Amino acid sequence: MVHRTARRKNGKPRRAYRHGDLRRALIAAGLALAQAGGPEAVVLREATRRAGVVPNAAYRHFANRQALLDAVRAAALSSLAAAMEAEFARLDCELAPVALAHARLRAIGAAYLRFAVEATGLFRTAFATPGEPPGGERGEGASGPFRLLSAALDGLVSSGALPAARRRDAEYLAWSAVHGLAMLVIEGPLHTLSTTRQEQIGERILAMVENGL
C-alpha cells in the first residue's frame with residue numbers, strides 16, 4: 001500500500017506515506033493543480049491538502065513553493081515528451097529514410113501543438129519558469145522534448161534531407177516558430193479561431209519549418 005490512514009484531532013483521516021511516496025503524491029497533486037489552473041495554481045499548501053497530509057510534512061521534500069513548481073515543471077515536460085513519443089509510434093516505419101525523417105519532424109511539431117491545446121495548464125507550467133538551458137550546441141543534457149527535436153533534426157541530416165551545414169541551431173528556429181503559434185492559439189488572438197482553422201494554420205507552420213530548414 002502507498003499509505004496508511006491515521007486520524008487528526010478533528011477525527012478526519014490523515015495519510016501517512018512511506019518514504020518517497022509523499023514526494024510522488026505531492027507532485028501528482030501539483031500536476032493536477034497545474035492542469036486545472038496553470039503554474040499559478042501550484043501552491044504547496046493546496047498540494048499537501050490534496051495529498052491528505054499536514055503542510056509541514058511537505059517540507060521534508062520541498063523547501064518551498066518554487067521547489068514544488070520546479071518538480072511539477074519537470075514532470076510536465078516529461079508528459080510532453082511522452083506525447084511526442086506516442087506520435088512517433090503512429091508513424092509508418094516502412095517509409096523511406098528521407099520520408100521517415102520528415103515525418104518524425106512533423107510528428108514533433110504536431111504533438112507539441114496538440115499538447116498545448118489539450119493540456120494547456122501543463123503546457124503553460126512546463127515553460128513558466130526558466131530552467132536549465134539546453135546543454136551544449138546539440139542539446140546534450142536538455143529536457144526530453146528538446147532532445148527529441150534534436151534527434152529528429154539529426155535524422156534529417158543522416159537521411160540526406162538536411163545539409164549538415166544548415167543543422168546548427170536548427171532546434172531554436174523550429175522551436176521558436178511552433179512555440180510561438182502554440183502561445184497565439186492558447187493565449188493570443190488565434191484562440192478565437194475554430195479548431196479546424198487552428199489545425200490548418202498549424203499544418204502550414206510545420207510545413208514552413210520543414211521547408212525552411
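Quick caveat, the model's predicted, so the values are computed rather than measured.
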(request) Check for a donor-acceptor pair, side chain of Arg166 on one end and backbone N or O of Leu213 on the other, with a separation under 3.5 Å. (result) yes

(message) By the definition salt bridge (charged side-chain N to carboxylate O under 4.0 Å, His left out), identify the one residue from Arg106, Arg114, Arg104 that meets it with Glu87.
(response) Arg114

(request) May I ask you to say whether Arg73 pairs ionically with Asp70, meaning some side-chain N is under 4.0 Å from a carboxylate O? (result) no

(message) I'd like to know whether Phe62 forms a side chain to side chain contact (heavy atoms under 4.5 Å, CB included) with Ile27, so could you lay out the CA-CA distance, the side-chain angles of the two residues, the decisive distance to 0.1 Å, and finally the verdict.
(response) CA-CA 10 Å; Phe62 301 104; Ile27 293 174; 3.8 Å; yes

(message) For Ala174 versus Leu149, what's the shortest heavy-atom pair and its separation?
(response) CB-CD1, 4.4 Å

(request) Decide whether Leu156 and Tyr172 are clustered together by the hydrophobic rule: side chain heavy atoms of Ile, Leu, Val, Met, Phe, Trp, Tyr closer than 4.5 Å, transitively. (result) yes

(request) Indicate, with yes or no, if Phe115 and Ile108 share a hydrophobic cluster defined by side-chain heavy-atom contacts under 4.5 Å among Ile, Leu, Val, Met, Phe, Trp and Tyr. (result) yes

(message) Check for me, please, whether Val185 and Leu193 land in the same ILVMFWY cluster - side-chain distances under 4.5 Å, paths through other members count.
(response) yes

(request) Drop me the distance from Leu26's CG to Leu44's CG, to the nearest 0.5 angstrom. (result) 7.0 Å

(request) Identify the two heavy atoms, one from Ala34 and one from Thr125, that lie closest to each other, and give their separation to 0.1 Å. (result) CB-OG1, 3.3 Å

(request) Using the rule that two of Ile, Leu, Val, Met, Phe, Trp, Tyr join whenever any of their side-chain heavy atoms come within less than 4.5 Å, decide whether Leu69 and Leu33 are in one cluster. (result) no

(request) Name the orientation class of the two ring planes belonging to Tyr112 and Phe123 (parallel below 30°, tilted from 30 to 60°, perpendicular beyond 60°). (result) perpendicular

(request) With sequence neighbours left out, write down each residue that passes side-chain hydrogen bond (donor to acceptor under 3.5 Å, both in side chains) with His191, or none if nothing qualifies. (result) none

(message) Same cluster or not: Val43 versus Tyr59, using hydrophobic residues (I, L, V, M, F, W, Y) connected whenever any side-chain heavy atoms lie under 4.5 Å apart?
(response) no

(message) Would you compute the distance between atom CD of Gln200 and atom CD1 of Ile205 and round it to the nearest 0.5 angstrom?
(response) 13.5 Å

(message) For the backbone of Pro55 and the side chain of Arg45, can you confirm whether one donor and one acceptor N or O come within less than 3.5 Å of each other?
(response) no

(message) Any non-hydrogen side-chain atom of Pro145 less than 4.5 Å from a side-chain atom of Trp175?
(response) no

